[in-house]
Amino acid sequence: MINQVKMNKLIGIQLLIVLCLSWCGKSVGQTAKHPNIIYIMSDDHAYRAVSAYGHGLNETPNIDRIAREGVLFTRATVTNSLCAPSRAVLLTGKHSFINGKVDNQERFNWDQDNFPKLLQQAGYQTAMVGKIHMDGLPQGFDYSAVLPGQGQYYNPDFIINGKKERLHGYVTDITTDLALEWLEERDGDRPFCLLYHQKAPHRNWQPAPRYLTLYDDTTFTPPATYFDDYTGRGTAAKTQEMEVATHAQWGHDFKLLTDPNGKPTGFDRELNRMDEAQRKQWMEAYEPKNRAFLQSGLTGKELALWKYNRYIKDYLRTIRSVDDGVGELLDYLEEHGLAENTIVVYTSDQGFYLGEHGWFDKRFMYEESLRTPLMIRYPKEIKAGTETDALVQNLDFAPTFLDYAGVEIPADIQGESFRKLVSGETKDWRDAIYYTYYEYPSVHMVKRHYGIRTDRYKLMHFYYDIDEWELYDLEKDPREMRNVYDDPEYKEVRETMHRKLEEVRKKYKDSDENNQRFISSKNL
Ligand code: SGN
Ligand code: CA
């Protein structure tokens with residue numbers, strides 16, 4: 001028989017074990033061991049439009065601060081250069097053909113695992129604010145305030161915890177305010193993970209009222225490939241519909257109320273969401289520039305240059321307010337003593353063409369849209385001023401965040417944690433990245449393709465209604481103007497790249513059958 005003293009002792013020990021298990025296991029308190037995470041992602045932000053990358057286009061002092069005080073990735077890429085698929089990869093750490101969200105149209109299955117769900121189960125508070133571009137109530141978040149679909153720049157609707165509400169103001173500023181409000185109201189005793197997703201600088205590039213005339217006195221020179229005629233490339237580059245000079249629209253993109261033939265563009269309808277004061281300010285800024293253009297009678301090359309300037313100025317104007325928002329968030333962390341223990345990430349859902357090859361938009365596996373800006377600040381582990389050209393991808397975010405949070409990384413996650421890479425503990429990293437793109441036939445008509453990129457070369461296969469291979473030597477031809485797939489000099493490289501491609505496809509469990517499945521699911 002156990003006497004009462006022994007019994008009490010036993011109960012005491014059991015209680016201790018239970019307490020210890022619950023602390024070490026699932027629930028986490030606000031301890032130094034569990035960093036906060038702020039993941040900032042804008043929409044379509046080309047790395048050339050972040051001044052930390054040194055392209056001299058614009059100034060983004062607040063975004064640059066993250067890089068200066070942390071690590072700048074010079075060759076970060078996405079696995080599928082399109083909005084919703086990129087977000088699905090971020091959440092799941094799995095390629096599109098595994099998580100199922102291959103294009104903007106396909107439904108995202110929120111029931112599958114995602115990293116915020118795992119953080120939540122581990123005791124983190126989680127929130128998502130801004131653009132997600134997926135139907136259904138986001139799962140894995142204690143709080144969500146998201147834009148329906150693409151969202152609106154002025155007086156946007158937000159779906160706040162499942163309820164739609166129209167808010168007054170400019171979308172970038174509202175998104176920042178909602179993020180700050182959530183930070184202010186959160187439970188200060190537990191770690192948090194905030195996904196703060198800006199809509200800007202997505203098309204159609206409507207600037208904030210305070211930046212409507214920014215760059216009015218500047219003339220931008222387009223990139224060297226702006227007048228590309230696509231010789232040296234295959235069918236896909238020649239048949240796209242994303243040329244600034246040809247496919248961008250007088251109203252929607254260039255913000256003219258009437259085109260050069262005097263025909264109404266319908267852009268006035270886009271201003272309907274604005275209130276009277278906003279519309280007045282808009283008209284005061286754009287009317288004089290529009291009038292000057294219509295009177296100029298520009299044609300040919302000059303017209304193409306004007307179009308480039310109207311495009312790039314509006315694009316960069318929207319980025320200015322994204323940068324303001326980043327500054328507000330960084331200041332908040334400073335002021336509340338959170339800067340040391342918070343991982344701050346700045347990135348975009350993919351890259352974008354800023355006139356390279358004559359284009360806007362993204363989708364292609366060519367460098368400008370494959371690559372995405374990426375910088376991370378975490379003073380505890382990342383030395384200020386670090387730079388890496390490692391081939392990291394958005395596929396790696398989920399496992400990296402779980403790693404930092406001390407949560408076990410599920411075996412079926414396909415990305416790799418780059419925690420040790422950025423702390424300098426290891427140099428070991430993948431030597432090739434894998435890419436897939438599916439949204440065709442669709443807007444901008446970029447053909448379906450997949451491929452790999454290594455340190456020096458890129459091999460791509462365009463399929464569905466064509467069967468064409470492209471190979472680029474990025475060292476000799478960084479602008480990807482000459483497909484060397486059939487060049488006898490590259491025979492060996494071609495064969496090595498083909499072998500590598502097969503290896504990588506096998507590793508990630510992709511195949512031609514998968515491609516066929518995603519074609520059949522659309523009855524194409
Ligand atoms: C919209 C844009 C396209 C853009 C897609 C996808 N047109 O359809 O230019 O490629 O979104 O962008 S617009 O007339 O609505 O501006 S994504 O970033 O959401 O994938
Ligand atoms: Ca996007």
Side-chain angles (χ1 to χ4, degrees), residues 39-47 49-50 76-91 96 101-106 108 130-135 146-154 156 171-172 175 195-207 240-244 246-256 265-267 269-271 273 307 310-311 314-315 318-319 322 346-355 357-366 368-374 394 435-448:
Y39 174 85
I40 310 173
M41 181 165 69
S42 49
D43 192 354
D44 292 359
H45 193 169
Y47 66 89
V50 175
T77 58
V78 294
T79 62
N80 182 347
S81 184
L82 199 61
C83 185
S86 166
R87 287 152 208 267
V89 170
L90 154 75
L91 291 168
S96 306
K101 182 77 181 150
V102 295
D103 58 29
N104 278 341
Q105 274 74 46
E106 201 72 41
F108 178 62
K131 185 172 172 183
I132 184 63
H133 201 175
M134 291 173 180
D135 290 340
V146 297
L147 296 166
Q150 294 284 6
Q152 302 281 346
Y153 271 107
Y154 277 81
V171 71
T172 310
T175 305
L195 308 191
Y196 162 70
H197 293 178
Q198 290 293 8
K199 167 188 169 64
H202 192 274
R203 193 181 179 195
N204 64 342
W205 319 297
Q206 292 184 20
Q240 47 59 42
E241 294 178 2
M242 45 192 257
E243 287 161 40
V244 177
T246 327
H247 301 109
Q249 298 162 15
W250 288 118
H252 186 59
D253 297 307
F254 299 130
K255 285 107 183 163
L256 296 175
T265 61
F267 186 65
R269 285 196 299 276
E270 293 201 31
L271 302 181
R273 273 198 88 87
K307 286 183 173 180
R310 175 56 66 94
Y311 159 50
D314 281 341
Y315 178 87
T318 68
I319 287 173
V322 171
Y346 185 85
T347 191
S348 169
D349 62 341
Q350 8 74 202
F352 212 66
Y353 294 95
L354 303 181
H357 307 293
W359 297 338
F360 63 98
D361 214 65
K362 53 268 177 171
R363 298 160 191 271
F364 277 112
M365 199 196 163
Y366 301 125
E368 293 83 358
S369 45
L370 172 67
R371 281 175 56 179
T372 195
L374 176 61
N394 58 344
Y435 183 85
T436 61
Y437 174 77
Y438 306 86
E439 196 171 90
Y440 178 89
S442 185
V443 57
H444 302 304
M445 297 302 277
V446 173
K447 291 188 189 290
R448 289 169 186 251

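Computed from a predicted structure; not experimentally measured. Counting starts at 1 for both ligands and their atoms, in listed order.
- Here 5 is the count of protein N, O or S atoms positioned under 3.0 Å from the Ca ion (ligand 2), waters not counted.
- Near ligand 1, Asp43, Asp44, Leu82, Cys83, Asn104, Lys131, His133, Gln150, His202, Arg203, His252, Gln350, Asp361, Lys362, Arg363, His444 each place a heavy atom less than 4.0 angstrom from the ligand.
- Under the side chain to side chain donor-acceptor pair (under 3.5 Å) criterion, Tyr311 pairs with no residue, sequence neighbours left out.
- Taking 4.5 Å as the limit, every side-chain heavy atom of Lys362 sits out of range of all side-chain heavy atoms of Glu368.
- Between Asp103 and Arg448, none of the side-chain N atoms (NZ, or NE/NH1/NH2) sits under 4.0 Å from a carboxylate O, so this pair counts as no salt bridge.
- Closest heavy-atom contact between Lys255 and Asn204: NZ-O, 2.5 Å.
- Taking the side chain to side chain donor-acceptor pair (under 3.5 Å) definition, one finds that Tyr315 meets it with nothing, sequence neighbours left out.
- Considering every non-hydrogen atom in both Pro85 and Ser96, the closest pair reads CB-OG, 4.2 Å.
- His444 has its ring centre less than 6.0 Å from the ring centre of Phe360.
- Test Lys199, His133, Lys131, Arg203 against Asp43 for side-chain hydrogen bond (donor to acceptor under 3.5 Å, both in side chains) and you get one pass: Lys131.
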**Q.** Working for side-chain contact (heavy atoms from CB on, under 4.5 Å), residues Val446 and Tyr437
**A.** CA-CA 9 Å; Val446 173; Tyr437 174 77; 3.9 Å; yes
